[in-house]
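Right, one structure below, let's go through it.
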Amino acid sequence: MKFDTIIRGGKVATAVDTFLCDIAIADGRISALGDGLGIADNIIDAQGKLVLPGGIDSHVHLDQPDTPDVVMADGFESGTRSAAFGGTTTLLPFCLQQRGQSLREAVKDYHAKADGNCYVDVSFHVIITDPTDHVLGQELPALIRDGYTSFKVFMTYEDLVLKDYDILRVMAVAREHHANVMVHAENYDAIRFLTERLEAGGNTAPRFHSNSRPIAVEREATHRAISLAEVADISITVVHVSNRQAMEEIRRAQSRGLTVHGETCPQYLVLTASDLDHPGMEGGKYVCSPPPRDKESQLACWEGLQQGVFQLFSSDHCPFRYNDPRGKLTQKGRSSFRWVPNGIPGVAARLPILFSEGVGKGRIDINRFVALTATNHAKTYGLYPRKGTIAVGADADIAIWDPGKNVTITHDLLHDDCDYTPYEGLTVTGWPVTTMVRGQVVVRDGELIGRKGSGEYLQRPAS
Ligand code: URP
Ligand code: ZN
Ligand code: ZN
């Protein structure tokens with residue numbers, strides 16, 4: 001048989017196995033694995049390379065509305081382009097319901113933003129901010145039936161926070177219709193109280209962002225989120241976990257038999273609160289929530305990844321330009337950390353950081369790397385086995401890695417529309433040199449080959 005493409009001579013790794021074999025691709029799917037597979041229009045030589053499932057990043061923010069004076073740096077074009085440069089082939093960004101807006105309308109608007117603009121495949125989570133009776137009784141069940149099977153609720157942020165009562169109501173819908181609930185766990189009232197006290201004392205520089213959201217704020221909300229999930233009798237995913245106490249809450253819940261998934265992100269492995277302490281407003285480049293903590297918290301996050309407390313490693317890519325009055329340097333942001341837009345970019349840096357710091361430094365093996373960055377995301381969010389693995393019949397979403405390539409991360413390598421990376425100057429070993437989505441090369445050797453619009457929306461099954 002003649003194939004479209006054969007990837008020859010690479011070392012293939014999945015979430016469970018590592019083996020030498022060739023991969024034959026036809027019509028965008030993996031057709032065969034083995035030796036001497038025959039002929040193809042394109043032969044890709046992967047000798048000395050690692051051949052991995054393309055990354056799936058199930059926590060990114062693209063073109064998400066913020067306050068009127070703030071604009072997100074990346075939309076679907078630049079966000080999916082940057083993903084491809086970092087070896088990621090599927091993104092799950094968040095469709096935000098603005099208060100007063102119908103969910104259906106929010107989803108329709110978000111599709112319009114994505115359509116024709118993507119370089120990699122996408123599917124949407126929905127952020128629920130206004131759980132009216134109509135939203136929970138009609139709109140949400142209908143959307144779940146249409147494959148929008150995961151949604152995020154917030155325990156903080158003025159415009160997003162839900163009361164415990166409303167979180168329970170959302171969870172009840174998720175239980176009835178078999179959907180996933182992701183929780184942003186930070187205690188809103190405690191943050192508000194601390195923020196007011198800090199500001200009253202004249203402590204308004206970006207570094208005080210981390211003082212306004214100490215570990216106790218996250219631990220308490222993590223415990224409460226898990227308790228609410230137990231009351232509602234559903235599984236949840238606690239996203240962007242930053243420290244040991246929150247991680248231990250999840251571990252304890254798991255050991256009690258509850259299905260609680262944990263997610264952490266690169267910022268909690270390689271940044272600390274001291275990064276917010278740059279002179280002037282520069283610390284704003286590292287303002288995200290929860291904030292990066294300390295070295296001991298980094299160790300705890302590694303432990304969570306190594307011991308299976310965390311199943312997901314995502315970027316929480318939430319990009320705002322630094323040198324921009326509609327980004328980190330808003331007029332209000334200059335007056336207090338409270339107004340510095342929360343979030344940092346990371347969609348392209350995610351995989352190289354975990355590969356280098358994790359696999360390269362012997363903290364995790366390559367199979368756990370694949371599980372944490374691709375397979376578990378596909379399984380959690382209903383995309384498996386089409387996505388997240390290398391197997392006959394799966395989409396040919398593949399990243400070919402040069403495991404020995406030394407790269408010092410600089411913003412120009414990442415190809416997003418932000419104007420900085422919080423990981424500037426970090427040297428990594430191992431880099432994705434070819435990224436392929438459904439059999440088509442999107443990025444090769446630092447060059448964009450793919451066509452805007454070739455990325456597709458992934459309809460997920462109803463449950
Ligand atoms: O600071 C962050 N993480 N901003 C993004 C929004 C969120 O909470 O995920
Ligand atoms: Zn969040
Ligand atoms: Zn986020």
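Basis for what follows: all heavy atoms, side chains included, without hydrogens, waters or symmetry-related copies. Atoms within each ligand, like the ligands themselves, are counted from 1 in listed order.
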**Prompt:** Salt bridge check: are R224 and D164 linked by an N-O gap of less than 4.0 Å?
**Reply:** yes

**Prompt:** When you measure from the centre of the six-membered ring of Y384, is the NZ or CZ of K379 under 6.0 Å away and within 45° of the axis?
**Reply:** yes

**Prompt:** Which of the atoms of ligand 1 are close to H240, meaning less than 4.0 Å from one of its heavy atoms?
**Reply:** 7 (C), 8 (O), 9 (O)

**Prompt:** Considering only the protein, which heavy-atom contact is closest to atom 5 (C) of ligand 1, and what is its distance?
**Reply:** C318 SG, 3.3 Å

**Asked** Tell me, which protein residue and heavy-atom name are nearest atom 8 (O) of ligand 1, and how many Å apart are they?
**Response** H184 ND1, 2.8 Å

**Prompt:** To the nearest 10°, what's the angle at the Zn ion (ligand 2) between atoms NZ (K152) and ND1 (H184)?
**Reply:** 130°

**Request:** List the closest protein heavy-atom neighbour of atom 3 (N) of ligand 1: residue, atom name, distance to the nearest 0.1 Å.
**Result:** D316 OD2, 2.7 Å

**Item:** N/O/S atom name from H61 that is nearest to the position of the Zn ion (ligand 3)
**Value:** NE2

**Item:** Criterion side chain to side chain donor-acceptor pair (under 3.5 Å) against Q245, the qualifying member of E220, H223, E218, R219
**Value:** R219

**Message:** Please list, in number order, the atoms of ligand 1 under 4.0 Å from a heavy atom of Y157.
**Reply:** 1 (O), 2 (C), 4 (N), 8 (O)

**Message:** Is the distance from the ring center of H240 to that of H59 below 6.0 Å?
**Reply:** yes

**Message:** Please name the atom of D316, limited to N, O or S, that comes nearest to the Zn ion (ligand 3).
**Reply:** OD1

**Request:** For atom 1 (O) of ligand 1, grab the closest protein heavy atom and report residue, atom and distance to one decimal in Å.
**Result:** S289 N, 2.7 Å

**Complete:** Here the atoms of ligand 1 under 4.0 Å from any heavy atom belonging to C288 are 1 (O)

**Asked** At a 4.0 Å threshold, what atoms of ligand 1 neighbour a non-hydrogen atom of H59?
**Response** 9 (O)

**Item:** Between D57 and H377, a side-chain donor and acceptor under 3.5 Å
**Value:** no

**Request:** Evaluate the ring planes of Y420 and Y322, with Trp represented by its six-membered ring, and classify them as parallel (under 30°), tilted (30 to 60°) or perpendicular (over 60°).
**Result:** perpendicular

**Asked** Can you tell me which residue and heavy atom of the protein come closest to atom 9 (O) of ligand 1, and the distance to 0.1 Å?
**Response** K152 NZ, 2.9 Å

**Item:** Aromatic ring proximity, centroids under 6.0 angstrom, F369 and W401
**Value:** yes

**Asked** Heavy atom under 4.0 Å from ligand 1: found in N342's side chain, backbone, both, or neither?
**Response** both

**Prompt:** Can you tell me if an N/O/S atom from H59 lies under 2.8 Å from the Zn ion (ligand 3)?
**Reply:** yes

**Asked** Parallel, tilted or perpendicular for F337 and F208, by the 30°/60° rule?
**Response** tilted

**Message:** Ring centres under 6.0 Å, that's the criterion: do H125 and F151 meet it?
**Reply:** no

**Message:** With the threshold set at under 4.0 angstrom, would you say F94 reaches ligand 1 through any of its heavy atoms?
**Reply:** no

**Message:** Would you say the ring centers of H184 and Y157 fall short of 6.0 Å from each other?
**Reply:** yes

**Request:** Please work out whether any backbone atom (N, CA, C, O) or any side-chain heavy atom from C-beta onward of E186 is under 4.0 Å from ligand 1, and answer side chain, backbone, both or neither.
**Result:** neither

